[in-house]
Protein chains: 2
Amino acid sequence: MNASRDIPNNLLESLKSLGLTKYEALVYIGLLRVAGATATEVHETSGVPRASVYPVLDRLVQKELVSVSHTTPKRFDAVPPDQGVENLMRRIESDAESARLALNALYREKGPGARGSQELVWTIYGEENIKTRLAEMFQGAERSVEVLAANDLLEGGVLALLEPVPGSVQVNIVTERSPGERPSRFGIHILPLAAGYDPLSTQGKLLPYERSGVFLVDNARTLLWLGSSGEQPSALYSESPGFVQFVRRHIASVTERARAAAQ
Amino acid sequence: MNASRDIPNNLLESLKSLGLTKYEALVYIGLLRVAGATATEVHETSGVPRASVYPVLDRLVQKELVSVSHTTPKRFDAVPPDQGVENLMRRIESDAESARLALNALYREKGPGARGSQELVWTIYGEENIKTRLAEMFQGAERSVEVLAANDLLEGGVLALLEPVPGSVQVNIVTERSPGERPSRFGIHILPLAAGYDPLSTQGKLLPYERSGVFLVDNARTLLWLGSSGEQPSALYSESPGFVQFVRRHIASVTERARAAAQ
DNA sequence: TAAATGTTGTTGCTAACATAACAACAAGGT
DNA sequence: ACCTTGTTGTTATGTTAGCAACAACATTTA
């Protein structure tokens, strides 16, 4: 009767992103609670119009989410959730794999020609993308790596990205003084304090570096990790000499202040 | 100019099932071959109307598939395929997991009440679903298991499902005489031959059991694996006494014939 | 001025959603 | 037998939402 209005809305969204429509999701959910139901029962427990139930059930059968009985009237049963979700994911993963292959083929066939114009500043969205870019930067380091970052960032996986940096490269890390002391193996100078910076300096208030950081490699490539307070983080990446110069000065300034405060 | 009409159609489909629209897929593909392109260049290489390119690029940035420069005009770059596909899959897998949890919660809260009316014959679609049901049947076996199946089926994973059957259960397997002899540990009788059955018997032609089989557990539950010649296999499952009786006779008949021919 | 950029709004199209109506059939009662 | 009553499965038809495609415009750059 009252069907089931208590379905978490995000469940419907999740199922949609697995390739189901709203009705398909509702019917499947309804079937999970009734076992061998007739089309009309499905209609009642799912809230989906009775006439729409038939094509929807057909699609669900095709998607291997429900099984049908050979009676009149037909009865339907849902595949258990674990199994059902796995069935859906199998298709998607197969698509993902074939797409990955096809895209890589297209991607390689263009060589590194027209290398991403070095004069630009790029924005990168998503923590994974930022970390990937950082890893590339660190791996390509030949002389120096400067890191000016909040400690939560460093411990959030960034420190691990520094592993592949060759020992011949000078690595400087500036972060707040924090409990998690991390004197990693290669020659790293850790300067305490220097967590923030004067905003418009009404007082000497220090603006904290929350989930953000500045990275500079070989004085040639730089990345600004902007810890978006709201949701997904973003970053600026650039090889532009002017921008690099600016970042260099910034790091120098903060480092200086940190060194002074440390005394 | 001529853009890229040589895009494999299934690539577009694959990307769609990863949550992209047609335009999003085209633009991303186009960007993979141009590196830092302007919106107009994206329009040219992707074939997407110029005006539509802007909202599409916005969406792609949100989905962490492209990065943007801070120049005028803006320039866009694609995340490498491996990374991009992974970014898409991360979301989907997270949705799958939360859906799985929510569905299981709903699923459990109904107990095995109204147990799937035993008088019915159910059809099950998809090899995975069939195997899962078979596994359940075998695990619940208490006295006997009868298997009458083509050898390709057995070696295709069905034989492995028999592992959990307790040693006290009598297991009979009938299959064609095939090279892959498999005298598994517990007491299994393997009768050679008996691969087929007379159709309407114009001659003694044997109808081969291709990708199909008959399974009977405790003389109470039975499953017919119908090796659909075309695509995905289907199966009939039943606990109906009448249907079980029929299958029992069928197995007896074929077994008899096999035994006779073996002599 | 000319060309290109970025934005806005309109229209068309398609799949999904939603409702209504219908023929076929099976009770069940008079 | 007949006529209800109710259910099943199907078909037709209208609505909505999201994306696709186009046209027009203000703004910038050269």
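As the structure is a computational prediction, the values presented were derived from the model and not from experiment. Reminder, nothing fancy here: chain letters follow the sequence lines and each chain counts from 1.
As rounded to whole Å, 7 Å separates atom P of D/dA20 from atom NZ of B/Lys22. Spacing between atom NZ of A/Lys74 and atom C1' of C/dA26 amounts to 18 Å, rounded to whole angstrom units. Atoms CD (A/Glu13) and C1' (D/dG18) sit 13 Å apart, rounded to a whole Å. Atom NE2 in B/His43 sits about 11 Å away from atom P in C/dA4, given to the nearest Å. For the pair B/Tyr23 OH and C/dG12 C1', the interatomic distance rounds to 12 Å; values are reported in whole Å. For B/Arg75 and C/dT5, the CZ to C1' distance is 12 Å, given to the nearest whole Å. Rounding to whole angstrom units, CD of residue A/Glu41 and C1' of D/dT7 are separated by 12 Å. Straight-line distance from the CZ atom of B/Arg50 to the C1' atom of C/dA4: 7 Å, rounded to whole Å.
Salt-bridge check for A/Arg100 with B/Glu86: failed, with every basic side-chain N at 4.0 Å or more from each acidic carboxylate O.
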B/Lys131/B/Trp225 under side chain to side chain contact (heavy atoms under 4.5 Å, CB included): CA gap, chis, key distance, verdict: CA-CA 10 Å; B/Lys131 281 183 179 171; B/Trp225 185 312; 4.2 Å; yes
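Within the 4.0 Å cut-off from OP1 or OP2 of C/dT5, at least one side-chain nitrogen or oxygen of B/Thr38 is found. The shortest distance between the side-chain N/O atoms of A/Tyr54 and the OP1/OP2 oxygens of D/dG9 is below 4.0 Å. Checking the phosphate oxygens (OP1, OP2) of C/dA15, no side-chain nitrogen or oxygen of A/Thr21 falls inside 4.0 Å.
Taking CZ from A/Phe76 and CD from A/Glu41, the interatomic distance works out to 11.0 Å, rounded to the nearest 0.5 Å. Between atom CG of residue B/Leu88 and atom CD1 of residue A/Ile92 there is a gap of 11.0 Å, rounded to the nearest 0.5 Å.
If you check the side chains of A/Asn87 and B/Glu128, you find no donor sitting under 3.5 Å from an acceptor.
Among the atoms of the strands shown, base atoms are found under 4.0 Å from some heavy atom of A/Pro49. Residue A/Thr72 is out of contact with every strand shown, counting any heavy-atom pair closer than 4.0 Å. Among the heavy atoms of the strands lying under 4.0 Å from B/Ser52 is at least one base atom, whether or not backbone atoms are also near.
If you find the closest nucleotide of DNA chain C to A/Ala51 and to A/Arg59, the one lying nearer the 5' end belongs to A/Arg59.
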